[in-house]
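What follows is a short report on a single structure.
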Amino acid sequence: MPEVRVRFPPSPTGYLHIGGARTAIYNWLFAKKHGGKLILRIEDTDTERSTQASIDGIIEGLEWLGIDWDEGPYFQTEFAAEHCAAANKLLAEGKAYKCFCTKESLDAKREAAMAAKQSFVGYDGTCRNLTPEQVAEKEAAGIPSVVRFKVPRRDGMVSYDDKVLGLIKRAYNDIEDFVIVRSNGKPLYLLCNVVDDIRDRISHVIRGQDHMTNTLRQVLLYEALGQPVPVFAHMPLTLDLNKAKISKRSHGEIVAVQFYKQNGFLPWALLNFLALLGWNPGDDREIFSREEMIEAFSLERITKSNSIFNFKKDDPKFFTDPKAININAHYLRTMPVAEIASLVKGELEEAGLWNPTYDSDKKEWYLKTIEMIRERFHTLKDFTTLGRAFFADDFTIDEAALAKNVLKHPDLKTWLPLLADRFEAADDITAESAEEIAKGLAEDLGIKPGIPINAARAVITGQIKGPSMFELFAHFDKATVLKRLRDVDRLYV
RNA sequence: GGCCCCUUCGUCUAGCGGUUCAGGACAUUGGCCUCUCACGCCGAAGAUCACGGGUUCGAAUCCCGUAGGGGUCACCA
């Protein structure tokens, strides 16, 4: 295979959404797999809608995901001269022509054709065969014109071999003479994109299936420009549960990469999830290290059919696709502690809960805490919400925990302080001695051990569930344990 | 409407003519474990492989129709 050069060409008209991210991911994986280059090219020719904020957001999103590129960002607008030169070349060679039809008359014609349910609603070729004299005449009269590509009028099919979908073909006669330069002299996407891909020596174009009809026309442009056609691979689209294309407009932030960053996702977990939406390695693996995924990736194993991003708005249990959360939770509980520790540090700092000693004296305690609580967390955010009691005294006790494990047994008002007394009397609290003490108290009181233990969990961690309480009695600072146990009184109001 | 693509459990998917009355993952659910929850482990339920015709000794797998879904038909990208 010649040098692999792929590109990710976002148009900066919004944030990076998961569909775009997935395109970037596949291109990135393919480049890495083949030792190729990934080029980032900002397609900003739509000056009306392009914004700097969008460019920043897209780059930030890619960087957060860990997708690095080898060249760029290039900006399409910087190559306007090349785009024009290509258009002029086609014009000079008779492969394109000026069209003086007005947009209004064209729109009217198309609407009439569609209303009449005619098979061909494209441009009718009115200006295709104007003589040079007629063209000169119209230009002299100051009539504005666009440049249209002269699609070969011949029988047969234009075709290309799609790496994902197989042979795609379409009759020449079904393709209209499309516009390549606006009346204001600015070339359009179809042409710019091809010219840029030629200049950037792009070998493989990996993009969404929504580009399929563009591809046939672009193949024609490559041929007219006398350039080799790159390999195309069209990946399936991501739809919502109603099978509608996901978009910022209709789905909001849930489809933005930024949303996942803000909601405690690990970049690699999101990437892993996204990669699996429309691709699989051919075996049962679903969790990959970076190296494993690069090694396993191939265009041939990209799925043909669209996939659904399974999220229900206002789902009380899952704020996004359950599988995405599951994968995130998996990484959360299996990644090296040192790695997750620094991410949690960021969360704590943001929440104003960071204690510098976690980096020095209490480092061991800090790491152990994370190790203990991360197992049942789903996102990084859980450390400062569900796990708040480990890092602060001003936590609130979960309602269910309070009702079920504390208020239900009024005698805990005396039992918990009693437990505190026994802990206080013990010189060294280990998980083993804590268990002995707690169970011993229950026995002496003639109650089930679960009652004081679960109540302790509620007042010490604020949660109805969590790590082994015996380990926690030993893990928490003794004074904290005693205080929280003795403070149980305040809960009965 | 034309053209193009797609169609296997709720969702992501495996499958590429026979060893599959369809396997895995997530979600759901029963149990074990247990101080709780989670993890882990063992189970359950869940897909007449969109439908209808062919081809074949044999089809989820090949062919043809039909239906459904998606994409696209801009002087947007």
Side-chain angles (χ1 to χ4, degrees), chain A residues 9-13 43-46 48-50 76 99 102-103 106-107 110 113-122 144-148 162 164-166 168-171 174-176 178-184 186-190 192-193 208-216 234 236-237 239 241 243-245 273 276-280 282-287 303-311 317-318 321-327 329 333 373-377 401 404-405 435 438-439 442 448-458 461 463-470:
Chain A
S11 63
T13 55
E43 306 216 319
D44 56 349
T45 53
D46 184 352
E48 298 280 299
R49 299 193 300 151
S50 297
Q76 195 162 53
C99 169
T102 65
K103 192 175 189 316
L106 258 24
D107 285 346
R110 178 170 40 247
M114 280 181 101
K117 298 190 174 177
Q118 282 178 13
S119 60
F120 189 80
V121 297
S145 66
V146 299
V147 176
R148 284 181 185 276
D162 194 289
V164 174
L165 302 167
I168 304 296
K169 52 191 175 182
R170 188 175 174 186
D174 278 334
I175 305 174
E176 69 169 327
F178 52 92
V179 177
I180 54 176
V181 181
R182 296 179 176 90
S183 54
N184 65 6
K186 295 206 163 131
L188 258 3
Y189 167 77
L190 239 23
C192 299
N193 192 251
Q209 284 182 12
D210 50 343
H211 280 282
M212 271 200 285
T213 51
N214 287 334
T215 305
L216 271 326
H234 289 99
L237 269 18
L239 312 177
L241 276 174
K243 297 196 172 168
K245 203 169 142 183
F273 166 73
L276 250 20
L277 220 53
W279 170 83
N280 72 79
D283 53 43
D284 282 347
R285 286 179 297 164
E286 297 207 314
I287 298 293
T303 306
K304 290 181 178 180
S305 51
N306 294 337
S307 47
I308 292 171
F309 180 55
N310 186 20
F311 84 98
K317 198 163 177 191
F318 301 104
D321 193 308
K323 194 150 189 169
I325 292 179
N326 176 277
I327 291 176
R333 65 173 178 264
I373 60 180
R374 66 171 174 169
E375 190 162 281
R376 60 220 93 212
F377 287 172
K404 189 179 168 202
N405 295 336
E435 177 164 9
K439 286 187 170 168
K448 283 195 277 189
I451 294 175
I453 293 167
N454 288 325
R457 172 173 294 108
T461 72
Q463 298 297 306
I464 195 167
K465 54 191 184 180
S468 156
M469 250 346 266
F470 306 131

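In the text below, chain A, chain B and the rest are named by the order of the sequence lines, each starting its count at 1. Because the structure is a prediction, the values reported are computed rather than measured.
Looking at the side chain of Arg110(A), the nearest of the listed nucleotides rC75(B), rG71(B), rA74(B) is rA74(B). With distances taken from any side-chain atom of Asp284(A) to the nucleotides rA27(B), rG24(B), rC76(B), the minimum falls on rG24(B). Nearest to the side-chain atoms of Glu176(A) among the listed nucleotides rA74(B), rU13(B), rG71(B) stands rA74(B). For Pro322(A), the listed nucleotide lying nearest its side chain is rA27(B); candidates were rA27(B), rG71(B), rU7(B).
Comparing the P positions of rC16(B) and rG53(B) gives an interatomic distance of 26 Å, to the nearest angstrom. The P atoms of rG71(B) and rU66(B) are separated by 22 Å, rounded to the nearest whole Å.
Residues Leu216(A) and Ile168(A) share a closest heavy-atom pair of CD2-CG2, 4.2 Å. Nearest heavy atom pair, residue Cys192(A) against residue Thr45(A), reads SG-CG2, 4.4 Å.
With sequence neighbours left out, the ring pair (Phe, Tyr, Trp, His ring centres under 6.0 Å) criterion links Phe470(A) to no other residue. For the salt bridge (Lys or Arg N to Asp or Glu O under 4.0 Å) test, residues two or more places apart in sequence or in another chain that qualify with Lys439(A) are Glu435(A). Scanning for salt bridge (Lys or Arg N to Asp or Glu O under 4.0 Å) contacts around Lys103(A) gives Asp107(A), with sequence neighbours left out. Not counting sequence neighbours, the partners of Glu43(A) by the salt bridge (Lys or Arg N to Asp or Glu O under 4.0 Å) test are Arg41(A). Residues satisfying the ring pair (Phe, Tyr, Trp, His ring centres under 6.0 Å) criterion with Phe309(A), sequence neighbours excluded, are Phe311(A). Residues passing the side chain to side chain donor-acceptor pair (under 3.5 Å) test with Arg457(A), sequence neighbours excluded: Asn454(A). With sequence neighbours excluded, no residue forms a salt bridge (Lys or Arg N to Asp or Glu O under 4.0 Å) with Lys186(A).
Between Lys323(A) and Lys317(A), the residue anchored closer to the 5' end of RNA chain B is Lys323(A), taking for each the nucleotide with the nearest heavy atom. With the nearest nucleotide of RNA chain B identified for both Val179(A) and Asn280(A), Asn280(A) has the one nearer the 5' end.
With hydrogens and angles ignored, the 3.5 Å screen pairs a side-chain donor or acceptor of Asp162(A) with a backbone N or O of His234(A).
When Watson-Crick and G-U wobble pairs are counted only if both distances are under 3.5 Å, rU19(B) pairs with no nucleotide at all. Across every strand in view, rU29(B) sits in a pair with rG43(B) that passes the Watson-Crick or G-U test at under 3.5 angstrom. Pair assignment for rG65(B): rC51(B), on the basis of Watson-Crick or G-U wobble contacts that are both within less than 3.5 Å.
Scanning atom types as modelled, one donor and one acceptor separated by under 3.5 angstrom connect the side chain of Asn214(A) and the base of rA77(B). Side chain Ser183(A) to base rC75(B): a donor-acceptor pair is found below 3.5 Å.
Lys186(A) comes within 4.0 angstrom of nothing in the nucleic acid, heavy atoms only. Looking at heavy-atom distances under 4.0 Å, Gly282(A) makes no contact with the nucleic acid at all. Residue-level contact check: Thr303(A) touches the backbone only, with heavy atoms under 4.0 Å from sugar-phosphate atoms and none from bases. Note on His211(A): a base of the nucleic acid sits closer than 4.0 angstrom, heavy atoms only.
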Heavy-atom protein contacts under 4.0 Å, nucleotides 34-52 of chain B, coded B base, S sugar-phosphate only, - none
-BBBBS-------------
Identify the pairs formed between an N or O of the protein and an N or O of nucleotides 3-5 of chain B at a distance under 3.5 Å, and give each distance.
| residue | atom | partner | partner atom | Å |
| --- | --- | --- | --- | --- |
| rC3(B) | O2' | Arg170(A) | NE | 3.0 |

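In terms of phosphate contacts, Thr45(A) brings a side-chain nitrogen or oxygen within less than 4.0 Å of OP1 or OP2 of rA77(B).
Taking atom CG of residue Asn310(A) and atom P of nucleotide rU13(B), one finds them 11 Å apart after rounding to whole Å.
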